[in-house]
Amino acid sequence: MSATELHVHNPVEDLLRQDRIPTIWCPGCGIGTSVNSFAHALLKQDIDLGKTAIVSGIGCSGRVSGYMNLDSFHTTHGRAIPFATGLKLARPELNVIVYSGDGDLASIGGNHLIHAARRNIDILVVCINNMIYAMTGGQAAATTPGSALSTTTPYGAFEPELNLVQLVDAAGACFVARWTAYHVVQLERTLEKALRKKGFRFVEVLSPCPTYFQRKNNLGDALQAMLDYKKRSRIQHGCPTWETALTPGGPIIVGEFVDREREDYLTRMRKQLGPHYSEFPPQLEESEPEGCSKEC
Amino acid sequence: MHADPRTVLTGTHFINGDAACCEGALAAGARYAAGYPITPSTEIVERFAARAPEVGGLFIQMEDEIASSIVIQGMVWGGQKAFTVTSGPGFSLMMEHIGLAAMTETPVVFVDVQRGGPSTGLPTLPSQGDMMQARFGSHGDYAVIALSPNSPQECFDLTIKAFNLAEEFRVPVMFMMDECMGHMTEKVVIPPADQIEVRPRRHTTRPPGQFRPYEPGPDLVPEMAHAGEGHKIYVTGLTHDRRGYPSLNAAAQRELVTRLLEKIRRAAERLVMVETDQIEGAEVVVVSYGITSRVALRAVQEARARGIKVGTLRLICVWPFPEKLIRELARKVKALVMPELNMGQVVIELERCAAGQCKVIGVPHPGGTVHDPAEILEAIERGAQ
Amino acid sequence: MLTELRIAGFGGQGVILATHILGRAAAVHQNRFATMTQSYGPEARGGAASAALIVSDEPVLFPYVSRPDILVVMSQEAYTRFAPEVKPGGFLLVEEDLVRLDQRAQGLKIYGIPATRLAEELGKKMVLNVIMTGFLCAITGAVGPEAVRKAVQESVPARFRDLNLQAFDKGLEYGRQLLERGPLTIENSEEVPLESEV
């Protein structure tokens, strides 16, 4: 039997840019695992994948957009959310997903995260939290827990970590959840649900970084990280987000924490503007110029 | 194609430069804008925020200028024309995204109503201190187009031009106003929509699967597709190949960066936008742009009254710089005089193009007000000696 | 012909709108060139407010006014600050209940009007600025009254249109009558009147 005959079609393949594989991710990294759950969740939607855009910032997780066979936007460091905001506002029929990392979304892009949640922009944000800046070589992040070691905190960090789910909850996100790279099935179900919901949705995925975070802190390899996630995780749906802080060695509270109804930005804008808002159907052109589609 | 009459406020108005710029953007087809409040540019988006819903558009006030400068790029890739407005401190914050727009070839307009700097500087007083920043402010090599209006009427006319050029070349266009221009009120005539040329997006006609987002056209500018049209486009700020895929090597960098510069360089002659007066046989030519060009005219009139043969050359498009024109002019005159509301920025380019063929006399000014025409007159007289 | 004028007072008196109305009248309805600038910044909020206008038959080059031909002042502070800038022999138009004249007004053609009181008589204090535009038309002739009347109509909300037109006419009429009596002038070393005696 030849290799081709052995090949079994994985339904997820269609959602990936095959000509971009293999990925840059290290063995044992949780980003790819999360992408698998995400792809399965997408396939279970009856949404038009041709009207689905994925936006990333910079970093290891920032590469996700480029591997997905969707409209892919790989933007600047920290600014995936405002770019996605623009896409959504300009073309409301798009499903817009932001897929990026903790350093990108919560540190350099932290302000945008807060304000997109506050505005309730109708986008899904998937945040891979590996608790470190991995692409640049293992520096401390705003999510680096306790006194963990990194290349820029060789004596341990001197500052407490940010609890992302609590942050976005406080800012007004209408759906907030957290899983780890171990919880692939749960993550898929949560993403399915999140994809169907309208408004600002935030799903945090804890991911091992065997290359930097695990190694630097003597936490073993990726398998060890999975065993650790399994041992420490407590599923507590609806848990108040102020009780979900991550502490070194402490329990990892996972689950769907927030699921509330709030009018998203555009719905509220339309309602509030009422008669001041005019629908604006495309102008009928006398003759369509060459090389110009209806979008003109 | 022509402007959409639903967005054009045809008529004769008495409005300031900021308001005229807003109306220009609407006439050009921009129904989406974002910004963060900053004097003296805010009036543009205040007006836009009121006008946009009438035409099915929107203004979103972002959390900062960094966000404003990229949310508009999302809007463009979502199929709209969009712009942001700011002033010095905000312009500084936008620099990374001017680079992103240049790299991803996103047609977008940045309006900078210049005020005195550096830093917080003079929030309510004029300057032309961001001219080099407009050209070189983001890191790496790229080309932009920068226009400089000298009246509220031009704030309207040239804003349309700015959008048209952004679409034609798929570059970020810098619209370089100043506080004086933004807050100055004059008559502005807005023509009927069918007299306003509006450049549509260079949208691909290829079906999904046959479209490569960064395949250069004959003029080196690629066609564009938007999100949600089935093309599954890939847009990245990384160095990329013609498919848009990251390609992190020297050869790809050479091909891409060369093209980004070359698409503007090749069109440089066509992009020359100047207004000249009496440069034939002139001993001295005063080269200026924006509000300074009006102030300089006073000095020019006085110099002519004193018998000096003075010509004027006003740069309407400052970047790209009219290199060839200046080179030829420098061969014929004794001196080129350049007053500008900064301590000597565009004059550096003037000197480079004059290449020692004539005197180049800068008339620097730190901003806060406009020149005293006497300073310019003095420079003209020195040039004529 | 090029005329430079400045209107100054305190925030809330409608200084900016009055200048805008005059500029619009000249530019839009008389098809002349008009350039208006105004003061910005913290001092424009609540405190002193000032706007300047250049009206000309030729394109206006230099945008700022430093030596106005006409100064309209509606507060003491504005008078103190701007009166010394007026060109010798220029017009000084004052809200006479709010401004005390002194040596600064020396050599100027001074005309006073109790614009606030006249506005109150019309029922709304806020129309004093439009009264001033009528007054300015009558006294200086810098902008044509018909053009200004049109500009007033276009510049105020519909429900205040009639009131503002009345205000304009009132200022114009008051000015025309006063013009016949001629200006008040303050001669060198003359004792400064505590109140204008117009």
Side-chain angles (χ1 to χ4, degrees), chain A residues 17 19-20 48-53 55 58 63 65-66 68-94 96 111-112 114-116 119 265-266 269 273 276-281 283 285-286 288-296, chain B residues 1-2 4-7 29 31-32 34 50 53-58 60 62-64 66-80 82 96-97 99-100 104 198 200-205 208 223 225-238 240 243-246:
Chain A
R17 294 182 192 265
D19 49 357
R20 294 270 299 138
D48 181 354
L49 293 177
K51 292 209 178 297
T52 303
V55 185
I58 299 298
R63 293 303 186 92
S65 64
M68 301 300 297
N69 195 19
L70 301 165
D71 285 315
S72 309
F73 296 95
H74 181 222
T75 64
T76 51
H77 196 19
R79 320 303 171 191
I81 287 178
F83 186 95
T85 298
L87 266 186
K88 182 69 195 182
L89 296 182
R91 197 167 272 224
E93 77 267 26
L94 286 178
V96 180
N111 203 23
H112 312 310
I114 293 168
H115 289 283
R119 294 186 181 106
Y265 183 92
L266 281 174
M269 181 193 91
L273 284 171
H276 297 291
Y277 188 83
S278 310
E279 295 294 336
F280 202 79
Q283 192 184 9
E285 270 303 303
E286 49 278 25
E288 202 147 287
E290 239 183 73
C292 167
S293 83
K294 288 186 196 99
E295 271 65 42
C296 308
Chain B
M1 65 188 273
H2 296 133
D4 188 323
R6 293 170 295 179
T7 67
R31 296 185 295 115
Y32 286 72
E54 297 168 5
V55 295
L58 65 85
I60 184 167
M62 296 303 286
E63 48 275 15
D64 55 31
I66 299 174
S68 302
S69 58
I70 191 163
V71 75
I72 56 170
Q73 300 190 42
M75 290 166 175
V76 169
W77 285 99
Q80 295 293 341
E96 186 182 9
H97 291 140
L100 178 72
T104 56
V198 167
R201 187 140 297 161
R202 299 176 66 145
H203 199 281
T204 187
T205 49
E223 291 181 331
H226 302 130
E229 294 171 351
H231 292 284
K232 298 186 177 169
I233 49 176
Y234 187 166
V235 177
T236 176
L238 287 169
H240 43 271
R243 293 171 300 178
Y245 286 12

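Note that these values count all heavy atoms, side chains included, but never hydrogens, waters or copies made by symmetry. Protein chains get the first letters and strands the later ones, always in sequence-line order, with residue 1 at the start of each.
In this structure, A:Arg20 forms a cation-pi arrangement with B:Tyr245, its terminal cationic atom sitting closer than 6.0 Å to the ring centre and no more than 45° off the ring axis.
Considering CD1 of B:Ile72 and NE2 of B:His97, their distance stands at 10.0 Å, rounded to 0.5 Å. The line from OG1 of B:Thr104 to CD of B:Gln73 is 5.5 Å long, rounded to the nearest 0.5 Å.
For chain B, no part of A:Met68 is nearby; none of its heavy atoms comes within less than 4.5 Å. For a residue to count as touching a neighbouring chain, one of its non-hydrogen atoms must lie under 4.5 Å from one of that chain's; by this rule B:Leu58 touches chain A with the side chain only. With a 4.5 angstrom heavy-atom cutoff, A:Ile114 does not touch chain B via any of its atoms. Heavy-atom distances place the backbone of A:Leu70, and not its side chain, under 4.5 Å from chain B.
Listed options B:Leu100, B:Ile66, B:Thr7 were ranked by heavy-atom pairs under 4.5 angstrom with chain A; first place goes to B:Ile66. Across B:Gln80, B:Arg31, B:His231, the residue that shares the most heavy-atom pairs under 4.5 angstrom with chain A is B:Arg31. Note on A:Thr52, A:Asp48, A:Asn69, A:Leu266: by heavy-atom pairs under 4.5 Å with chain B, the leading option is A:Asn69. For the options A:Leu94, A:Val96, A:Leu89, heavy-atom pairs under 4.5 Å to chain B are most numerous at A:Leu89. Interface summary for chain B: among A:Arg79, A:Met269, A:Lys51, the most heavy-atom pairs under 4.5 angstrom belong to A:Arg79. Of the listed residues A:His276, A:Glu279, A:His112, the one with more heavy-atom pairs under 4.5 angstrom with chain B than any other is A:His112. Here A:Asn111 is the residue among A:Asn111, A:Ile58, A:Leu273, A:Ile81 with the most heavy-atom pairs under 4.5 Å with chain B. With chain A as the partner, the residue from B:Glu54, B:Met62, B:Glu63 showing the most heavy-atom pairs under 4.5 Å is B:Glu63. With chain B as partner, the option from A:Glu93, A:Arg119, A:Lys88 having the largest number of non-hydrogen pairs under 4.5 angstrom is A:Arg119.
Side-chain contact of A:Ser72 with A:Arg17: a donor-acceptor pair under 3.5 Å is present, judged by distance alone.
When side chains are defined from C-beta on, B:Trp77 does not count as touching A:Asp71, because their heavy atoms never get closer than 4.5 Å. Within the 4.5 Å cutoff, the side chain of B:Ile70 has no heavy atoms near those of the B:Glu96 side chain.
For the pair A:Tyr277 (side chain) and B:Gly56 (backbone), a donor-acceptor distance under 3.5 Å is present.
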For this session: Carefully, step by step, assess B:Ile60 and A:Tyr265 under the rule side-chain contact (heavy atoms from CB on, under 4.5 Å).
Result: CA-CA 10 Å; B:Ile60 184 167; A:Tyr265 183 92; 3.6 Å; yes
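Here the closest heavy-atom approach between residue A:Phe83 and residue A:Val55 is recorded as CD2-CG1, 3.9 Å.
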